[in-house]
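Numbers restart at 1 for each chain; the letters A, B, ... are given by sequence-line order, proteins then strands. This one's a predicted model, so the numbers in the text were calculated from it and none came from an experiment.
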Amino acid sequence: MLRIHNSLTGQVEPFVPLVPGKVRLYVCGITVYDYCHIGHMRMFVVFDVVRRYLRHCGYALTFVRNITDIDDKIIRRAAENGEPIEALTARYIAAMDEDAAQLGVERPDIEPRATAYVPEILALIQRLIERGHAYVASSGDVLYSVSSFPDYGRLSGKRLADLRAGARVDVEESKHDPLDFVLWKRSKLGEPTWDSPWGPGRPGWHIECSAMSTSLLGDYFDIHGGGMDLKFPHHENEIAQSCGATGHPFVKVWMHNGFVNVDNEKMSKSLGNFFTVRDILPRLRHPEVLRYFLLGSHYRGPINYSLTQLEQADLALGRLYNALRGLPDASPPPGATPYRDKFEAAMNEDFNTAEAVAVLQTLAREINTLKAAGKVAEAASWAAEFRALSSLLGVVQLDPEAWFRCSQPVDGAVAEGVSDAQIQACIEARLAARKAKDFAESDRLRDVLAAQGVVLEDKPGGVTSWRRK
RNA sequence: GGCGCGGUAACAAAGCGGUUAUGUAGGGGCCUGCAAAGCCUUUUAGGCCGGUUCGACUCCGGCCCGCGCCUCCA
């Protein structure tokens, strides 16, 4: 049975959907004003695996991931660039889609944009005012009254008194309570605006997610996910808004993924240790290397980014592909297998992808052993099982030969080098030399290819396979 | 100050109260014309101090160290 860590309780709990057989999942997506960094991508990949596994468990899943396409940073960036907001957001949404696709992240079932949900947002704010959870401030903004919601702070384990004592924000006079947050912002000159009962303005960030999630998934749904940093205040505020509006619970299970760090510190622009997906992919043999790296540790813990780590991921993936090499198509062994059992046990325990990957490595050894013993049919059968399992993680999705034809770029540049056909010709010539026991020539040809980053491997039966370094 | 997380071998990273994690790296062996790959085998663990227990890396307490959130942030 699947068990999931619930941030609301701090426990790993058995997962029981609200409606048997159905799961409704909402994940906070990104604000589109720049390229995705590795941290964004970790969130994408983590919830892509959650999505795959929930479906594998047989649930009818509705997966929503939103796009925040109106926000202070977007407005500022568009102004800096001197371009319309729509042009900016369209560009970065397209870039996000490309990056996600590279990493094997499938599109969510529904991908709402905040700007398309303004009517729902207005209705929600209206309801909050009616129920005494929100007020129109002297500034013209509509604010949420934190003190009207006794449960405020439950998700993040904070108490209102502590938060007030530690408040570092400039307290705006119009706020009844320094912790009150904005639902509807009065727009300044030149900013995008929508009409509202409280004058022209635009939605606050937190209310967008409450409106989109409940509009699409209902007032009470199964899982809400996002990055660790959204727990407070974003998700806390969502709870206050949604529960405030309905008077009943909002989300059953909260899931939060850990950060990507660099040198054990959070990636941030101010520290200058920031890596976008577009910075990294050109340094890799294949985008799968990044995905494998991200799944190599548990989703809740921090993960430390470094080139060394990516190199290790490359080698580990190569080992998996190597096991699958040269095997015919086959059907997996019927019924449960020890590998499948272990894999599923790992995934069932709060999506332990690190352990699931270890199962794949062990299975690869089994396949290699069978291959070495000449038991090709058996090896092929396990290879089919391997592929069924690895597709749940979205790794080892290529044809093995295609993997080995990719080369590992050096300093971000892919070596031009020799073509596949030239390599093949060289191998033929070397095989002829070997047949004639001309080992000097044979070794010379191997060295020629080695200098081009091509490694040869002589297999039994006079077959030679190759790989790019 | 408040809340929370973590310290595992050369590097990375899991599970687990007593039995090999896993990958990479190192040693030895098999295989190979020689290599490579693969397989077998093997060396390096559990921050520190106490406690519980027949037995603790695993549970409890204290200490030290690192990190995160408390402000926009995946």
Rounded interatomic separation in angstrom, taking [atom1] from [X] and [atom2] from [N]:
| X | N | atom1 | atom2 | result |
| --- | --- | --- | --- | --- |
| A:E311 | B:A25 | CD | C1' | 13 Å |
| A:F293 | B:A12 | CZ | P | 11 Å |
| A:F351 | B:A14 | CZ | P | 16 Å |
| A:D350 | B:A14 | CG | P | 12 Å |
| A:F181 | B:C72 | CZ | C1' | 15 Å |
| A:L324 | B:G38 | CG | C1' | 14 Å |
| A:H256 | B:C5 | NE2 | C1' | 14 Å |
| A:E236 | B:C3 | CD | P | 16 Å |

Using both distances under 3.5 Å as the test, list the Watson-Crick or G-U wobble partner of [N], or none.
| N | value |
| --- | --- |
| B:G17 | none |
| B:C5 | B:G66 |
| B:G33 | none |
| B:G50 | B:C60 |
| B:A12 | B:U22 |

Residues in ring pair (Phe, Tyr, Trp, His ring centres under 6.0 Å) contact with A:H40, at least two apart in sequence or another chain: A:H37
Which residues share a ring pair (Phe, Tyr, Trp, His ring centres under 6.0 Å) with A:F259, sequence neighbours left out: none
With a non-hydrogen cut-off below 4.0 angstrom, is [X] in contact with a base, only sugar-phosphate, or nothing?
| X | answer |
| --- | --- |
| A:L456 | base |
| A:G39 | base |
| A:Q309 | sugar-phosphate |
| A:D458 | base |
| A:V260 | base |
| A:G301 | nothing |
| A:R430 | base |

Ring geometry between A:F149 and A:Y144 (parallel below 30°, tilted from 30 to 60°, perpendicular above 60°):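 Rings of A:Y144 and A:F149: perpendicular, over 60°.
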Earlier contact from the 5' end, RNA chain B, for A:H234 and A:K231: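 Nearest nucleotide further toward 5': that of A:K231.
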Nucleic acid contacts of residues 432-440 of chain A, taken as heavy-atom distances under 4.0 Å to RNA chain B: A:R434, A:F439
Would you say the side chain of [X] and the base of [N] hold a donor-acceptor pair, judged only by whether the two atoms sit under 3.5 Å apart?
| X | N | result |
| --- | --- | --- |
| A:R446 | B:C34 | yes |
| A:K73 | B:C72 | yes |
| A:N304 | B:C67 | no |
| A:S442 | B:G33 | yes |

Closest to the [X] side chain: [options]?
| X | options | result |
| --- | --- | --- |
| A:K266 | B:A36, B:C69, B:G38 | B:C69 |
| A:T369 | B:C70, B:A74, B:C39 | B:C39 |
| A:N322 | B:C69, B:G38, B:G23 | B:G38 |
| A:F259 | B:G2, B:A74, B:A35 | B:A74 |
| A:H37 | B:G38, B:A36, B:A74 | B:A74 |
| A:D443 | B:C34, B:C72, B:C39 | B:C34 |
| A:N368 | B:G38, B:A74, B:A35 | B:G38 |

Qualifying residues under side chain to side chain contact (heavy atoms under 4.5 Å, CB included), relative to A:N81, sequence neighbours excluded: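 By the side chain to side chain contact (heavy atoms under 4.5 Å, CB included) rule, A:N81 matches A:R77, A:E83, A:L88, A:R91.
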Under the side chain to side chain contact (heavy atoms under 4.5 Å, CB included) test, residues paired with A:R405 that sit two or more places apart: A:E401, A:A402, A:D420, A:W466, A:R468
Quiz: residues 93-101 of chain A side-chain donor-acceptor pairs under 3.5 angstrom, not counting sequence neighbours:
| from | atom 1 | to | atom 2 | distance (Å) |
| --- | --- | --- | --- | --- |
| A:E98 | OE1 | A:R278 | NH2 | 3.1 |
| A:D99 | OD1 | A:R278 | NE | 3.1 |
| A:D99 | OD1 | A:R278 | NH2 | 3.3 |
| A:D99 | OD2 | A:R278 | NE | 3.4 |

Residue from A:D458, A:D443, A:D447 passing salt bridge (charged side-chain N to carboxylate O under 4.0 Å, His left out) with A:R430: A:D458
Within 45° cone and under 6.0 Å: A:R65 NZ/CZ vs A:F44 ring: yes
Salt bridge (charged side-chain N to carboxylate O under 4.0 Å, His left out) contacts touching residues 299-318 of chain A (sequence neighbours left out): A:R285-A:D314, A:R300-A:D350
A:D438 with A:R444: basic N within carboxylate O range, under 4.0 Å: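 A salt bridge is absent here (no side-chain N lies under 4.0 Å from a carboxylate O).
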Donor-acceptor contacts, no H, no angles, side chain residues 354-366 of chain A, under 3.5 Å, sequence neighbours left out:
| from | atom 1 | to | atom 2 | distance (Å) |
| --- | --- | --- | --- | --- |
| A:E355 | OE1 | A:N352 | ND2 | 3.3 |
| A:Q361 | OE1 | A:R319 | NE | 2.9 |
| A:Q361 | NE2 | A:Y292 | OH | 3.1 |
| A:Q361 | NE2 | A:A316 | O | 3.3 |
| A:T362 | OG1 | A:A358 | O | 2.9 |
| A:E366 | OE1 | A:Y339 | OH | 2.6 |

Close N/O contacts between protein and nucleotides 15-22 of chain B (under 3.5 Å):
| from | atom 1 | to | atom 2 | distance (Å) |
| --- | --- | --- | --- | --- |
| B:U22 | OP1 | A:R365 | NH2 | 3.4 |

A:R340 CZ: over 12 foreign heavy atoms closer than 6.0 Å: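 Buried by this count: over 12 neighbours within 6.0 Å.
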